[in-house]
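A, B, ... follow the sequence lines: proteins, then strands. Residue 1 opens every chain.
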Amino acid sequence: MAYWLMKSEPAEESIDDLAAAPRQTLPWTGVRNYQARNFMRDQFAVGDGVLFYHSSCPEPGIAGLAEVVSTAHPDETQFDKKSKYHDAAATRAEPRWFGVDVKLVRKTKLLPLAALRAEPKLATMRILQRGNRLSITPVTPAEWKTVLAMLSAA
DNA sequence: GCCAACGTTGGC
DNA sequence: GCCAACGTTGGC
């Protein structure tokens with residue numbers, strides 16, 4: 001079982017949107033970075049743990065826990081001409097972008113980015129490294145454990 | 001709005 | 001294949 005951090009802009013899709021979705025499950029769409037796509041396509045497995053992270057917002061940080069409930073399938077938005085994620089080079093026969101379905105485990109009290117940065121045990125966490133822009137990053141079991149402890153202490 | 005960092009594009 | 005220019009991300 002692996003762990004991941006997935007960034008979402010709450011203005012687009014927040015933890016509350018996930019909570020309000022049917023079966024509290026949503027397909028993860030809009031990833032247009034090959035490295036992030038490859039994580040989902042090649043490494044994600046059903047049951048993997050997800051830290052749901054809010055980015056580009058007044059209070060960036062971890063907003064909840066989720067789990068992966070499907071393997072990767074084509075991201076429908078690439079075929080939608082009206083979507084800002086439309087990709088003219090993608091076809092049904094040869095999709096370029098993939099996503100998994102993600103289900104809410106629980107919304108948490110927001111764990112702010114500043115608190116993550118202040119925790120020495122998370123010093124090497126991928127999301128906290130200078131210049132990191134990847135929207136999907138692996139989380140080590142030790143980091144996962146530390147974050148869960150911080151959430152239950154809050 | 002600024003800016004650091006990194007990815008992508010396209011001319012050669 | 002190189003690399004400069006440009007675009008995007010995302011915290012502040």
Interatomic spacing from CG in A/Asn38 to CD in A/Gln43 - rounded to 0.5 Å:
8.5 Å
How many angstroms lie between atom CG of A/Asp48 and atom CZ of A/Phe39, to the nearest 0.5 angstrom?
12.0 Å
What do the steps show when you test A/Tyr34 against A/Trp97 for ring-ring contact (aromatic ring centres under 6.0 Å, His included), and what is the final call?
CA-CA 8 Å; A/Tyr34 290 107; A/Trp97 305 110; 4.8 Å; yes
Sub-3.5 Å donor-acceptor pair from the side chain of A/Ser8 to the main-chain atoms of A/Glu13, do we have one?
yes
Interatomic distance, A/Thr108 atom OG1 to A/Met150 atom CE [nearest 0.5 angstrom]
11.5 Å
Rounded to the nearest Å, what distance is computed from the CG atom of residue A/Asn33 to the C1' atom of nucleotide B/dA5?
13 Å
Rounding to an integer number of Å, can you tell me how far A/Gln35 CD sits from B/dA5 C1'?
14 Å
To the nearest 0.5 Å, atom CG of A/Leu151 lies from atom CG of A/Leu110 at 9.5 Å
Under the side chain to side chain contact (heavy atoms under 4.5 Å, CB included) rule, collect the residues that match up with A/Tyr85, sequence neighbours excluded.
A/Glu12, A/Arg32, A/Thr77, A/Ser83
Positions of residues 81-92 of chain A (non-hydrogen atom under 4.0 Å from DNA chain B), listed by number:
none
Expected rows: protein N/O vs nucleotides 9-12 of chain C N/O, under 3.5 Å:
from   : atom 1 : to       : atom 2 : distance (Å)
C/dG10 : OP1    : A/Lys7   : NZ     : 2.6
C/dG10 : OP1    : A/Arg133 : O      : 3.0
C/dG11 : OP1    : A/Tyr53  : OH     : 2.9
C/dG11 : OP2    : A/Ser56  : N      : 2.9

A/Ile136 pairs by side-chain contact (heavy atoms from CB on, under 4.5 Å) with which of A/Met6, A/Arg37, A/Arg126?
A/Met6
